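Following: one structure in structure tokens, then a few remarks.
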Amino acid sequence: MTTISYPPKPVPGDRIAVVSPGSGLPGLFPRPFELGLERLRKEYGLEPVEYQTTRKMGSTPQERAADLHAAFADPDVKAVMASIGGDDQITVLPFLDRELIGAHPKPFFGMSDNTNLLAFLYNTGVVGYHGTSVMVEFGR
């Protein structure tokens, strides 16, 4: 049985990773994405950190996995949040390093296609929260 790690939730002043493991829609729809980032900063006091594929449509599964690895491995990042869902996040899962992510547990926030990643994290022992994304819940 997998033992789940419950790392601390982000608090004002924390840096949080903003990633697009399912789709780079922030590149096509920058306004709701920017509004979501602004709300994270002003209303929650968090500092969003974007990664290379966050605004990039057509990035490869390997590139999106590399962003997730960087987000989980960064000791200054206290949580990871999806920009939005998508349609092919499941293609990223085979490229994820379970040991790397499990060694740096952080809460993950996402829904829709991010359910694939939430299941992966659960099986890795990392807690995730089904709900909220930058563009949908914070950007609208």
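Just the heavy atoms: all of them, side chains too, but no hydrogens, waters or symmetry mates, feed the values below. Just so you know, these numbers come straight off a predicted model, no measurement behind them.
Under the 4.5 Å side-chain criterion, counting only non-hydrogen atoms from C-beta, P10 is in contact with P107. Side-chain contact between V92 and L68 is present, with at least one heavy-atom pair separated by less than 4.5 Å. Inter-residue side-chain proximity for M81 and L46 is flagged as unmet; no heavy-atom pair is nearer than 4.5 Å. A 4.5 Å side-chain heavy-atom check between I84 and S20 finds every atom pair outside the cut-off. Counting heavy atoms from C-beta on, the side chains of Y51 and V49 come closer than 4.5 Å. The side-chain heavy atoms of L117 and L96, taken from C-beta on, include a pair separated by under 4.5 Å. Counting heavy atoms from C-beta outward, F108 and V126 have side chains that stay 4.5 Å or more apart. When side chains are defined from C-beta on, E137 does not count as touching F109, because their heavy atoms never get closer than 4.5 Å.
Taking the six-membered ring for Trp and the full ring otherwise, the centers of F138 and Y44 sit less than 6.0 Å from each other.
A salt bridge does not link E47 to K78: none of the charged nitrogens lies less than 4.0 Å from a carboxylate oxygen. D74 has no carboxylate O lying under 4.0 Å from a charged side-chain N of K106, or vice versa, which leaves the two without a salt bridge.
The 12-atom threshold is exceeded at CG of L35, counting heavy atoms of other residues, nucleotides or ligands nearer than 6.0 Å. Other residues, nucleotides and ligands contribute only 12 or fewer heavy atoms inside 6.0 Å of the CD atom of Q52.
Across all non-hydrogen atoms, the minimal contact from H69 to F95 is CE1-O, 3.3 Å.
By the salt bridge (Lys or Arg N to Asp or Glu O under 4.0 Å) test, R39 is found to be paired with E43, residues two or more places apart in sequence or in another chain being considered.
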